[in-house]
> 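Here it is, the structure, as structure tokens.
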Amino acid sequence: MRKKIAAGNWKMNTNPEDGLKLASQVVQMAQDESISDTTIIMSVPYTHIERIKKIIPPTKNILIAAQNCHQEVSGAYTGEISAPMLQYLGVDCVILGHSERREYNKETYAELKTKTRIVLKHQMTPIFCCGEKLATREESAHFDLVKEQLSSSLFEFNAIEFAQLIIAYEPVWAIGTGVTASSEEVQEMHHFIRYTIAKKYGESVAKQIPILYGGSVKPENAQTLFSCPDVDGGLIGGASLDAKGFIDIAKSF
Ligand code: PGA
């Protein structure tokens with residue numbers, strides 16, 4: 001059985017105090033027995049990590065994630081944050097290759113490969129994002145692109161390394177737009193991703209990798225999306241900024 005995961009991506013939202021309040025509400029609501037087998041992840045701004053980490057009970061299925069890290073461990077990289085710094089704070093997961101970072105920060109396949117390696121080396125779980133823009137889907141090139149995103153950054157890892165990843169499929173046209181991909185479109189791509197992984201690493205690795213869907217997931221559509229056989233949860237942006245809505249999503253499996 002693969003893990004069920006509800007991962008919130010707060011992006012660049014909340015000040016540290018409001019962020020702590022939001023995280024406390026999530027932690028409290030996550031005590032609900034009905035979601036005791038769901039992993040809740042909060043991907044928070046760097047500035048919030050230390051204080052939020054302190055209120056997460058170690059026994060619960062609640063993890064804290066960063067939204068990026070630099071590919072080098074230290075050095076003259078003004079303004080950057082490294083994997084060892086995040087590991088020191090007790091960060092569990094790191095989002096890598098989010099489409100906003102690929103777009104605005106011009107993250108390349110090669111950089112994302114190095115970042116993935118560094119995050120794994122520091123005992124954290126990469127949440128590796130992939131997904132196409134609308135124009136790519138309209139040209140029917142979305143499967144090829146997602147395969148290229150995975151193979152160019154990840155397929156040099158061995159099976160033991162690869163098996164530690166979480167993959168998030170986030171069609172760019174559905175992020176923050178209110179337009180959700182249909183459950184057929186989502187299942188089709190998730191199945192394709194799992195098939196692509198199986199071809200490279202074998203069935204048993206493919207079966208154990210959690211593949212999350214991201215793009216306008218809301219309490220109203222989460223159940224339909226999470227009922228797709230190859231969808232193991234969501235990477236949730238806007239709707240994760242409301243604790244009740246986020247936990248309602250986590251209850252939608
Ligand atoms: P959204 O963002 O839920 O606001 O569409 C998802 C994401 O970018 O991870």
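Numbering of ligands and ligand atoms starts at 1, following listing order. What you are looking at is a predicted structure, and each value in this text was computed from that prediction instead of being measured.
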> Mark the output for H98 as yes if a heavy-atom distance to ligand 1 is under 4.0 Å, and as no if none is.
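Contact check H98 vs ligand 1: positive.
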> Taking NZ, NE, NH1 and NH2 as the nitrogens, is one of them in K133 or E103 under 4.0 Å from a carboxylate oxygen of the other?
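Between E103 and K133 there is a salt bridge, with a charged N closer than 4.0 Å to a carboxylate O.
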> Taking heavy atoms and a distance under 4.0 Å, where does I175 meet ligand 1: side chain, backbone, both or neither?
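Answer for I175: both.
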> Centroid-to-centroid, Y201 to F157, below 6.0 Å?
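No, the ring of Y201 stays outside the 6.0 Å limit from the ring of F157, centre to centre.
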> Please identify which atoms of ligand 1 are closer than 4.0 Å to at least one heavy atom of S216.
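So the answer, numbered in order with elements, is 1 (P), 3 (O), 5 (O).
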> For the residue pair Y195 and F192, categorise the inter-ring angle as parallel (less than 30°), tilted (30 to 60°) or perpendicular (more than 60°).
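Rings of Y195 and F192: tilted, as their planes differ by 30° to 60°.
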> Which heavy atom of the protein is the closest neighbour of atom 7 (C) of ligand 1, given with residue, atom name and distance?
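Closest protein heavy atom to atom 7 (C) of ligand 1: E170 OE2, 3.1 Å.
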> Quick one: does A239 get within less than 4.0 Å of ligand 1, heavy atoms only?
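Per 4.0 Å heavy-atom rule, A239 does not contact ligand 1.
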> Hey, is G215 one of the residues with a heavy atom under 4.0 angstrom from ligand 1?
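Contact present.
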> How long is the straight-line distance from OG1 of T125 back to CD1 of I95, given to the nearest 0.5 Å?
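Interatomic distance, I95 CD1 to T125 OG1, rounded to 0.5 Å: 12.5 Å.
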> Between A174 and ligand 1, find which residue part has any heavy-atom pair under 4.0 Å and reply side chain, backbone, both or neither.
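The answer is the backbone.
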> With the side chain counted from C-beta on, respond yes when F143 and R137 share a heavy-atom pair under 4.5 Å apart, and no when they do not.
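No. Closest side-chain heavy atoms not under 4.5 Å.
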> What protein heavy atom sits nearest atom 3 (O) of ligand 1, and how far off is it?
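Residue, atom and distance for the closest contact: G237 N, 2.9 Å.
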> With side-chain hydrogen bond (donor to acceptor under 3.5 Å, both in side chains) as the test, would you mind laying out the steps for Y169 and E132 before giving the verdict?
CA-CA 9 Å; Y169 168 61; E132 80 286 356; 2.8 Å; yes
> Starting from atom 4 (O) of ligand 1, locate the nearest protein heavy atom and write down its residue, its atom name and how far away it is, to 0.1 Å.
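For atom 4 (O) of ligand 1, the nearest protein heavy atom comes out as G238 N, 2.9 Å.
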> At less than 4.0 angstrom from any non-hydrogen atom of L235, what atoms of ligand 1 do you find?
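Answer, ordered by atom number: 6 (C), 9 (O).
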> State which residue, out of L225, V217, I40, D242, fulfils the side chain to side chain contact (heavy atoms under 4.5 Å, CB included) condition with I249.
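Option passing the side chain to side chain contact (heavy atoms under 4.5 Å, CB included) with I249: V217.
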> Need the ligand 1 atom indices (1-based, order shown) with element for anything under 4.0 Å from a heavy-atom of G176.
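Selected atoms, number and element: 1 (P), 4 (O), 5 (O).
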> Would you mind running through ligand 1 and noting each atom that sits below 4.0 Å from a heavy atom of K11?
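Ligand 1 atoms under the 4.0 Å threshold to K11: 2 (O), 7 (C), 8 (O).
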> To the nearest 0.5 angstrom, please state how far the CD1 atom of I62 sits from the CE atom of M42.
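Between I62 CD1 and M42 CE, I get 6.0 Å after rounding to 0.5 Å.
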